[in-house]
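Notes for the one structure printed next.
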Amino acid sequence: PCPAPPAATTIATFKCEDGSDLRVTFQFPNATVEQEGYTTLVLPSRISGASFRYADYGATLRGRANEIQWTRPGAAETTCERDS
């Protein structure tokens, strides 16, 4: 069997086109998404080829290292770029 991926924690902040800010904590196999004014969501990892994808509760976080697409129930998808 393959070894499990490392359990390292990475915290990233993103600025989104819709004016919102996201704070995402990646700790395999989950991503915790914090967005001001909304409930914090813990999304499990989903298989997605060369990029990452986390989804549950009607919310989806997908993309690559510095650019993501974020969708929350009742809101249009927005593109977010990682803060430097």
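We find the CG-OG1 distance between L43 and T60 to be 8.0 Å, quoted to the nearest 0.5 Å.
In terms of hydrophobic clustering, with Ile, Leu, Val, Met, Phe, Trp and Tyr side chains grouped at heavy-atom distances under 4.5 Å, V33 and Y57 are assigned to a common cluster.
Sorted pairs that involve residues 28-63 and meet disulfide (SG to SG under 2.5 Å), not counting sequence neighbours, are lacking altogether. Screening residues 12-84 for disulfide (SG to SG under 2.5 Å) gives C16-C80 as the qualifying pairs, with residues at least two apart or on separate chains. Sequence neighbours left out, the pairs with a member in residues 13-36 that pass salt bridge (Lys or Arg N to Asp or Glu O under 4.0 Å) are K15-D21, R23-E34.
Apart from I11 itself, the hydrophobic cluster it occupies contains nothing, where clustering links Ile, Leu, Val, Met, Phe, Trp and Tyr at side-chain heavy-atom distances under 4.5 Å. Clustering of Ile, Leu, Val, Met, Phe, Trp and Tyr by side-chain heavy atoms under 4.5 Å joins Y38 with none of the others.
Legend: residues meeting ring-ring contact (aromatic ring centres under 6.0 Å, His included) with Y54, ordered by chain and number and at least two apart, are F26, F52. In terms of the side chain to side chain donor-acceptor pair (under 3.5 Å) criterion, S45 has no residue partners (sequence neighbours excluded). Checked against side chain to side chain donor-acceptor pair (under 3.5 Å), N30 has no partners two or more places apart in sequence or in another chain. Take T79 and apply the side chain to side chain donor-acceptor pair (under 3.5 Å) test, not counting sequence neighbours, and it matches no residue.
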For residues 62-70, which side-chain donor-acceptor pairs fall under 3.5 Å, sequence neighbours excluded?
| from | atom 1 | to | atom 2 | distance (Å) |
| --- | --- | --- | --- | --- |
| R62 | NH2 | E77 | OE1 | 3.3 |
| R62 | NH2 | E77 | OE2 | 2.9 |
| W70 | NE1 | Q35 | OE1 | 3.0 |

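Side-chain contact between T10 and Q27 is absent, with no heavy atoms from C-beta onward closer than 4.5 Å. When side chains are defined from C-beta on, L22 does not count as touching T13, because their heavy atoms never get closer than 4.5 Å.
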(request) Carefully, step by step, assess V24 and T32 under the rule side chain to side chain contact (heavy atoms under 4.5 Å, CB included). (result) CA-CA 6 Å; V24 183; T32 302; over 6 Å; no
